[in-house]
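Notes for the one structure printed next.
What you are looking at is a predicted structure, and each value in this text was computed from that prediction instead of being measured.
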Amino acid sequence: MTLVATKEARTVVGKAVADFILHLRERNASPHTIKAYRRDLALFAAYSGSRGWKQIDHIAVRGFLSQLYEKGLSKTSVARALAAVRSLYRWLAREGVVEHNPAKLVATPKLPKKLPRVPTIEEMNAVIDGEMPEVTAFAERDRLMLELLYGCGIRNSELTGINLEDIRLSAEAILIRGKGKKERYVPFGDSVKSALASYLPAREKLVGTIRKRSAALLINRRGGRLTTRSVGRIVKKIAVAKGLSPDVHPHTLRHAFGTHMLEEGADLRAIQELLGHERLATTQRYTQLSMKHVLQVYDQTHPRAK
């Protein structure tokens, strides 16, 4: 569907929406983003009708959202539509068409907080222990990758940023560069140590074959630094091959690290330090995850809960 062919495209708002979509295309926005914006903003243009920008205030934007609810749209869909209207207004302000963004004065619908499904300790052991599945292209590297994500609770970007010189074998710790270039040392245990012992000679052999040196700890078959996208793809592939949900991604292993440590009695502040969280409130999210697990255990096992 093209907006140009619609009645709304002949209105002030409709024309602006068409120009904004064209701008997104020129900026090489993803087809998915363009499709979503075009759909949501077409509804906004239709709702606005012949009104000009001065006639559209935050009350009008609220009216637009109310209409979406009446059409049966979910809170998530309404929140997405509001975000699209805000983006349109931001662009219009940059173009000098409007001075104010009325959509900023409208509160985003409160969405239910979904807690991520965290694999159990047994499931994580099943994924990492034993042979790596046939889908893995570099078994020693991929095992180390999983051990670091789950064993150290690091972010995907932190994992791919590790250099060989960051490994302190004698201290059993790794120098991690986190958000905002903040550095921290993260300890590792015997499982990571064993995975390193298998991977480093295999890495050296590969580097010798292709004659390409890299400072990165984790490299691809061409000797280049492994990307976060590649890590995500590999983790998902191994998880599915080992019987886990295809929803598993690198951050799932970080969640599992925090949740399992808390379940085993670790102090919340220690977990905060290990995860590199700036605020304790972020770490307290794991309390929610752990409490959910506790309630499930209670429901399943306590005689008075049945």
| said: Checking side-chain polar atoms at under 3.5 Å, does Ser87 have a donor or acceptor matched by the opposite partner on Arg90? | reply: yes
| query | Does a donor on one side chain sit under 3.5 Å from an acceptor on the other, for Thr108 and Arg86? | reply | yes
| message | Side chains of Ser230 and Thr227: any donor to acceptor distance under 3.5 Å? | response | yes
| Taking C-beta and beyond as the side chain, do Pro133 and Ile238 meet within less than 4.5 Å on heavy atoms? | yes
| request: Flag the pair Lys212 / Arg222 as yes when at least one side-chain heavy-atom distance between them is below 4.5 Å, and no otherwise. | output: no
| query | Do the side chains of Leu149 and Val231 get nearer than 4.5 Å, heavy atoms only? | reply | yes
| query | Would a line drawn from the ring center of Tyr89 to the ring center of His100 be shorter than 6.0 Å? | reply | no
| task | Starting at CZ of Arg141, measure out to CG of Leu200 and round the result to the nearest 0.5 Å. | result | 13.5 Å
| Can you tell me how far the CH2 atom of Trp91 sits from the CG atom of Asn101, to the nearest 0.5 Å? | 14.0 Å
| Aromatic ring pairing Phe20/His23, orientation class (parallel under 30°, perpendicular over 60°, tilted between) | parallel
| said: Between Arg177 and Lys182, is there a side-chain heavy-atom distance shorter than 4.5 Å? | reply: no
| request: Please say which of Leu196, Leu217, Leu169, Ile167 ends up in a side-chain contact (heavy atoms from CB on, under 4.5 Å) with Ile174. | output: Ile167
| field | Closest contact, heavy atoms only, Ala173 versus Phe188 | value | N-CE2, 3.2 Å
| message | Is there a side-chain contact between Arg221 and Leu206 in this structure, where contact means two heavy atoms from C-beta onward sitting under 4.5 Å apart? | response | yes
| Over all atoms of both residues, closest heavy-atom pair of Glu131 and Lys242 | O-NZ, 3.0 Å
| field | From CG (Leu146) to OG1 (Thr136), nearest 0.5 Å | value | 9.5 Å
| message | For a side chain to side chain contact (heavy atoms under 4.5 Å, CB included) check, start with the C-alpha distance between Arg25 and Ile21, then their side-chain angles and the critical distance, and finish with the verdict. | response | CA-CA 6 Å; Arg25 283 207 184 97; Ile21 297 299; 3.9 Å; yes
| query | Does Glu158 come within less than 4.0 Å of Arg184, counting only side-chain N to carboxylate O? | reply | yes
| Are any of the side-chain heavy atoms of Phe64 and Val85 separated by less than 4.5 Å? | yes
| query | So which heavy atom on Ala16 is nearest to which on Leu88, and how close? | reply | O-CD1, 4.1 Å
| remark: Distance col, row Met145:CE vs Tyr199:OH, nearest 0.5 angstrom, shows 10.5 Å
| field | Closest approach of Gly161 to Asp166 (non-hydrogen atoms, all atoms of both residues) | value | O-OD2, 4.0 Å
| query | Can you find a side-chain donor-acceptor pair between Asn156 and Arg229 that sits under 3.5 Å? | reply | no
| said: How close do Glu147 and Ala195 get, counting heavy atoms only, and between which atoms? | reply: CG-CB, 4.0 Å
| said: If I take atom CD1 from residue Ile162 and atom CD1 from residue Ile154, how far apart are they, to the nearest 0.5 angstrom? | reply: 4.0 Å
| How long is the gap from CG on Leu73 to CD on Gln67, to the nearest 0.5 Å? | 10.0 Å
| If you count the non-hydrogen atoms of other residues, nucleotides and ligands that lie under 6.0 Å from CG in Asp190, is the total more than 12? | no
| Mind checking whether Phe257 and Tyr150 have ring centres under 6.0 Å apart? | no
| Pair Tyr37-Leu24, side chain to side chain contact (heavy atoms under 4.5 Å, CB included): steps then yes or no | CA-CA 9 Å; Tyr37 272 45; Leu24 290 176; 3.7 Å; yes
| said: So which atom in Leu68 and which in Ala81 form the shortest heavy-atom distance, rounded to 0.1 Å? | reply: CD1-CB, 3.5 Å
